[in-house]
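Both ligands and their constituent atoms are indexed starting at 1 by order of listing.
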Amino acid sequence: MATASRYRRARRPLAGRRVLVTGAASGIGEIMAREAARRGASHVVIWDRDEHGAERVARTITARGHRACAWEVDLTDAEAVERAGRAVTEAIGGIDVLINCAGVVTGKAVLDVGEDDLERVYGVNVFALYRTARAFLPGMLERDDGLIVTIASAAGLVGVARQTDYSASKFAAVGFSEALRAELRHAGSAVTTLTVMPYYIDTGMFAGVRTRFPRLLPVLEPADVARRVLDQIEAGAATVALPRFARAVQLVKVVTPVHDILTDIFGINATMDHFTGRVRRADADTTTPGV
Ligand SMILES: NC(=O)c1ccc[n+]([C@@H]2O[C@H](COP(=O)([O-])OP(=O)(O)OC[C@H]3O[C@@H](n4cnc5c(N)ncnc54)[C@H](O)[C@@H]3O)[C@@H](O)[C@H]2O)c1
């Protein structure tokens, strides 16, 4: 029998919580890790395949008197995730808020997407969600407390040209987060999920993209996105689309020709025409814009 409390938002302050952020060596993951510490998280764990970047972020957090640690973890390696999950649980007892933020994009047209691209994109953007859940959900279920955040994308709501791999992986990420929320609710668990669907963010991941109507659909500021995600975590939200206008796409989807016409008018399929993606800097000791 459903009770109203199952559907009520429960506030979830980050203070005193153990927070793990994947992909936190740069971009919004880095800012969320730093901001979670500032909001009083008892421990911030940074996972990234970029060891130096992860250590740099952990150092900036510990230098301000908070507890943080960095782990080099390649999320495409299921055994490495399992090992790191065990080690984190042994070290600090578990994770209360898991933020799946790591992501990759190729920006390739469909016929240029190779098997190795698919393995990497699905490995990081989709399969890693199951791997991190296997590592930390059992502890959350035991404590009947916890939150799994999935940083998906507005490209998980609408298919975008030159993103057949990325969009499809983000649709999967949105589906994973929603289905997991349903599964946990059905089981009567207090553990839940938050699905985050942002439009383009100025981190470098999508360097070169252009937006036709920046007032309605601006390229978002990384610090602003990070702050709003943490606000929504603390407010107990289940989904967040940024900017809010991005959510409107779900309404127009009901009529396919309207959806196609509007996404073309808004220039969504031209956004990737000048995509270059991040050019990796040899010197990883740099700071994400907006931090
Ligand atoms: N930048 C955007 O425009 C945008 C828009 C919507 C959603 N997103 C999503 O937001 C998230 C963060 O994006 P960002 O813009 O901060 O990107 P970013 O490239 O700055 O950060 C991604 C991080 O993931 C890490 N990573 C990549 N592959 C990994 C692997 N195999 N194992 C471990 N770590 C790995 C990278 O080293 C990097 O530190 C991603 O999931 C992305 O898809 C980004």
Side-chain angles (χ1 to χ4, degrees), residues 20-34 45-58 70-78 80-81 84 99-107 116-117 119-129 131-132 149-158 160 163 165-174 176-177 195-211 217-226 228-229 240-243 246 268 271-272 275-281 284 286-291:
L20 186 147
V21 189
T22 71
S26 69
I28 58 168
E30 169 179 353
I31 310 174
M32 287 191 292
R34 294 158 69 135
V45 182
I46 291 140
W47 275 11
D48 206 290
R49 67 170 175 190
D50 172 0
E51 184 186 6
H52 297 299
E55 281 171 359
R56 175 183 56 79
V57 176
W71 302 72
E72 180 190 1
V73 184
D74 180 352
L75 295 162
T76 63
D77 180 344
V81 175
I99 306 181
N100 288 300
C101 183
V104 288
V105 62
T106 67
D116 50 343
D117 293 321
E119 271 171 31
R120 200 166 61 92
V121 170
Y122 279 83
V124 180
N125 297 2
V126 186
F127 298 156
L129 305 176
R131 294 170 184 155
T132 56
V149 182
T150 299
I151 308 294
S153 169
L157 296 172
V158 59
V160 180
Q163 290 189 12
D165 52 352
Y166 182 78
S167 261
S169 74
K170 293 298 186 178
F171 269 75
V174 170
F176 169 85
S177 190
T195 314
V196 182
M197 297 155 289
Y199 188 59
Y200 294 118
I201 313 164
D202 187 18
T203 58
M205 181 181 187
F206 278 90
V209 296
R210 293 182 191 169
T211 187
L217 287 172
V219 174
L220 304 163
E221 286 301 320
D224 196 36
V225 174
R228 289 173 72 176
V229 173
V240 52
L242 298 169
I268 300 300
T271 53
M272 294 288 284
F275 169 87
T276 56
R278 172 175 288 118
V279 182
R280 279 260 161 228
R281 287 161 292 199
T286 49
T287 304
T288 299
V291 183

- Can you find a non-hydrogen atom of Glu30 under 4.0 Å from ligand 1? no
- Could you tell me whether the side chain of Arg228 and the main chain of Pro243 form a donor-acceptor pair under 3.5 Å? no
- Item | Structural part of Thr203 in contact with ligand 1, heavy atom criterion under 4.0 angstrom | side chain
- Any idea which part of Tyr166 is under 4.0 Å from ligand 1, heavy-atom wise: side chain, backbone, both or neither? side chain
- Task: Have a look at ligand 1 and work out which part of Arg120, if any, has a heavy atom under 4.0 Å from it: side chain, backbone, both or neither.
- Result: neither
- Message: As a check for students: among Asp48, Leu220, Asn125, Thr150, identify the option with a heavy atom nearest to atom 36 (C) of ligand 1.
- Response: Asp48
- Contact atoms of ligand 1, heavy-atom distance to Val73 under 4.0 Å: 32 (N), 33 (C)
- So which bit of Ala152 gets within less than 4.0 Å of ligand 1, heavy atoms only: side chain, backbone, both or neither? backbone
- Item | Atom pair CG/OG1 of Leu157 and Thr195 - distance to nearest 0.5 Å | 9.5 Å
- Gly103 neighbourhood, listing ligand 1 atoms whose heavy-atom distance to it stays under 4.0 Å: 22 (C), 24 (O), 40 (C), 41 (O)
- Message: Regarding ligand 1, does Ser153 bring an N or O atom to under 3.5 Å of one of the ligand's N or O atoms?
- Response: no
- For ligand 1, note which part of Ile151 has a heavy atom under 4.0 Å away: side chain, backbone, both or neither. both
- Query: Of all heavy-atom pairs between Val105 and Met205, which one has the smallest distance, and what is that distance?
  - Reply: CG1-O, 3.7 Å
- Query: Considering only heavy atoms of Cys101, which atoms of ligand 1 have at least one such atom less than 4.0 Å away?
  - Reply: 11 (C), 12 (C), 40 (C), 41 (O)
- Query: Is a side-chain N or O of Thr132 found less than 3.5 angstrom from the main chain of Ala128, in a donor-acceptor match?
  - Reply: yes
- Task: Determine yes or no for a side-chain-to-main-chain donor-acceptor pair under 3.5 angstrom, with Asn125 supplying the side chain and Val104 the backbone.
- Result: yes
- Message: Just so I know, are the side chains of Arg34 and Val57 near enough to count as touching, which here means a heavy-atom distance under 4.5 Å?
- Response: yes
- Message: For the backbone of Leu129 and the side chain of Asn100, can you confirm whether one donor and one acceptor N or O come within less than 3.5 Å of each other?
- Response: no
- Query: Do Asp117 and Thr106 meet the criterion of a side-chain donor-acceptor pair at a distance under 3.5 Å?
  - Reply: no
- Message: If you take the nearest heavy atom of each of Leu75, Ile28, Val121, which one is closest to atom 16 (O) of ligand 1?
- Response: Ile28
- Message: I need the atoms of ligand 1 closer than 4.0 Å to a non-hydrogen atom of Gly23, numbered in the order shown.
- Response: 23 (C), 24 (O), 25 (C), 39 (O)
- Query: Taking both backbone and side-chain atoms of Trp47, is any N or O found less than 3.5 Å from an N or O belonging to ligand 1?
  - Reply: no
- Taking the non-hydrogen atoms of Gly53, is any one of them nearer than 4.0 angstrom to ligand 1? no
- Message: Can you check which of Arg49, Met197, Arg278 brings a heavy atom nearest to atom 28 (N) of ligand 1?
- Response: Arg49
- About how many Å separate CE of Met32 and CD1 of Ile151, when rounded to the nearest 0.5 Å? 4.0 Å
- Contact with ligand 1 for Ala54, non-hydrogen, under 4.0 angstrom: no
- Distance from Tyr200 atom OH to Phe275 atom CZ, nearest 0.5 Å? 9.0 Å
- Task: Would you mind finding which of Ser26, Gly27, Pro198 brings a heavy atom closest to atom 21 (O) of ligand 1?
- Result: Ser26
- Message: Hydrogens and angles aside, do Thr211 and Tyr199 bring a side-chain donor and acceptor to less than 3.5 Å of each other?
- Response: yes
- State the atoms of ligand 1, each with its element, that fall below the 4.0 Å cut-off from a heavy-atom position in Val104. 27 (C), 28 (N)
- Note on the structure: ligand 1 atoms nearer than 4.0 angstrom to some heavy atom of Tyr200 are 3 (O)
- Task: For the residue pair Phe206 and Tyr166, categorise the inter-ring angle as parallel (less than 30°), tilted (30 to 60°) or perpendicular (more than 60°).
- Result: perpendicular
